[in-house]
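So the structure is just underneath, and the comments pick up after that.
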Amino acid sequence: MTGIFLIGLMGAGKTTVGRTLAQRLGLRFIDSDQEIEREQGCTIAELFARLGEAGFRDIEARAIDALTQREGVILATGGGAVLRPENRKALHERGTVVYLRASPDDLAHRLRHDRTRPLLQQGDARAKLHELFRVRDPLYRETAHFVIDTGRPSAVLLANRVQMQLELAGVLPAAGGQG
Ligand code: S3P
């Protein structure tokens with residue numbers, strides 16, 4: 001089976017949904033930001049501070065290229081992974097891409113105490129999320145094979161919806177009463 005790649009803005013639930021689905025389906029879960037932090041030996045915030053956003057994007061592009069070549073994994077990507085055309089192409093062509101689409105207002109609420117995302121630490125986080133949504137929503141749509149509008153459900157409910165959608169499309173084998 002080719003990989004299942006989760007895309008969407010920060011806080012949309014990519015990591016929790018990905019981990020839940022992987023556990024349930026017996027697949028390997030990979031989070032691109034965590035892979036980058038492990039490989040670089042520092043946090044994403046430190047990389048932004050040291051290299052700037054462009055430097056981080058170079059490292060991210062290398063990670064996306066490597067990780068999208070793995071078979072049978074569930075990959076959660078960083079929210080900005082769709083900014084580079086080569087990443088969009090790799091994601092779309094090498095696996096099944098699911099866009100977890102959340103509204104900027106819901107995300108602002110969910111991330112109101114977050115201190116780990118460098119892009120949200122200065123100024124008005126809600127306004128920033130609106131701006132990111134405006135720029136990126138078309139890129140996520142272009143990259144995705146499936147779009148799931150999330151609302152505010154629990155991770156488990158969201159994972160159920162993603163799984164059902166992928167089963168209906170024949171990407172995942174139907175649970176057949178086992179799950
Ligand atoms: C970013 C999202 C983050 C992380 C970095 C930049 C973005 O990942 O890669 O802070 O540009 O949206 P998550 O989407 O996992 O929070």
Side-chain angles (χ1 to χ4, degrees), residues 3-22 28-68 73-88 90-92 95 97-144 146-152 155 158-159 162:
I4 294 168
F5 307 147
L6 301 174
I7 63 173
L9 283 175
M10 299 173 256
K14 292 163 293 184
T15 302
T16 33
V17 166
R19 190 170 280 131
T20 305
L21 270 184
R28 171 134 193 251
F29 172 71
I30 307 174
D31 178 289
S32 67
D33 282 339
Q34 283 169 12
E35 287 293 308
I36 290 169
E37 289 185 334
R38 203 163 50 84
E39 184 194 285
Q40 298 292 321
C42 65
T43 65
I44 300 294
E46 283 163 355
L47 284 176
F48 263 74
R50 198 187 315 146
L51 308 172
E53 181 172 349
F56 169 73
R57 298 293 173 209
D58 289 339
I59 293 173
E60 182 178 50
R62 286 202 293 276
I64 295 292
D65 182 41
L67 298 174
T68 51
V73 298
I74 298 198
L75 172 68
T77 58
V82 295
L83 291 172
R84 296 232 174 138
E86 68 266 31
N87 294 352
R88 298 202 290 276
L91 288 162
H92 189 82
V97 184
V98 179
Y99 171 21
L100 299 183
R101 185 171 187 269
S103 82
D105 286 333
D106 280 348
L107 295 176
H109 180 75
R110 218 174 288 164
L111 294 171
R112 66 196 181 284
H113 302 306
D114 181 82
R115 293 293 166 263
T116 65
R117 270 85 168 196
L119 292 178
L120 301 182
Q121 302 314 309
Q122 273 156 27
D124 181 348
R126 181 179 300 266
K128 181 70 183 179
L129 283 161
H130 275 269
E131 168 67 8
L132 292 176
F133 182 83
R134 191 184 62 73
V135 172
R136 294 180 184 177
D137 184 57
L139 302 177
Y140 293 132
R141 287 171 170 282
E142 170 193 321
T143 309
F146 300 96
V147 180
I148 308 272
D149 275 296
T150 66
R152 284 193 193 181
L158 193 50
V162 174

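All of these numbers come straight from a predicted model, not from anything done at the bench. Each ligand, and each atom within it, is numbered from 1 in the order the structure gives.
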Checking side-chain contact (heavy atoms from CB on, under 4.5 Å) for the pair Val162/Leu100: CA distance, chi angles, key distance, verdict?
CA-CA 9 Å; Val162 174; Leu100 299 183; 3.8 Å; yes
Interatomic spacing from CG in Leu21 to CG in Leu6 - rounded to 0.5 Å
7.0 Å
Show which atoms of ligand 1 fall inside a sub-4.0 Å distance from at least one heavy-atom site of Phe56.
9 (O)
Which residue and atom name correspond to the protein heavy atom nearest atom 16 (O) of ligand 1, and how close is it?
Arg117 NE, 2.8 Å
Near Pro118 (heavy-atom distance under 4.0 Å), the atoms of ligand 1 are 10 (O)
Applying salt bridge (charged side-chain N to carboxylate O under 4.0 Å, His left out), name anything that partners Glu46, two or more places apart in sequence or on another chain.
none
Under 3.5 Å between any N/O of Thr15 and any N/O of ligand 1: does that happen in this structure?
no
Give me the nearest non-hydrogen protein atom to atom 8 (O) of ligand 1 as residue plus atom name, then the distance to 0.1 Å.
Asp33 OD2, 2.7 Å
Which residue holds the protein heavy atom closest to atom 5 (C) of ligand 1, what is that atom called, and what is the gap in Å?
Ile44 CG2, 3.8 Å
Counting C-beta onward and ignoring hydrogens, is there a side-chain heavy-atom pair between Glu142 and His92 closer than 4.5 Å?
no
CD (Gln122) with more than 12 external heavy atoms under 6.0 Å
no
Ligand 1 contact by Lys14, heavy-atom criterion under 4.0 angstrom
yes
Is there a polar contact, in the sense of an N or O pair closer than 3.5 Å, between Gly11 and ligand 1?
no
Which atoms of ligand 1 are found less than 4.0 Å from any heavy atom of Leu119?
7 (C), 11 (O)
What is the minimum heavy-atom distance between Thr77 and Ser32, and which atoms define it?
CA-OG, 3.4 Å
Identify the closest protein heavy atom to atom 12 (O) of ligand 1: which residue and atom is it, and at what distance?
Arg136 NH1, 2.7 Å
Quick test of your reading: applying side chain to side chain donor-acceptor pair (under 3.5 Å), list the pairs with at least one residue in residues 3-12, sequence neighbours left out, ordered by first then second residue.
none
Phe48 CZ to Leu119 CG distance, which is reported to the nearest 0.5 Å:
4.5 Å
Taking the minimum heavy-atom distance to atom 11 (O) of ligand 1, which of Arg57, Glu60, Lys128, Glu53 ranks first?
Arg57
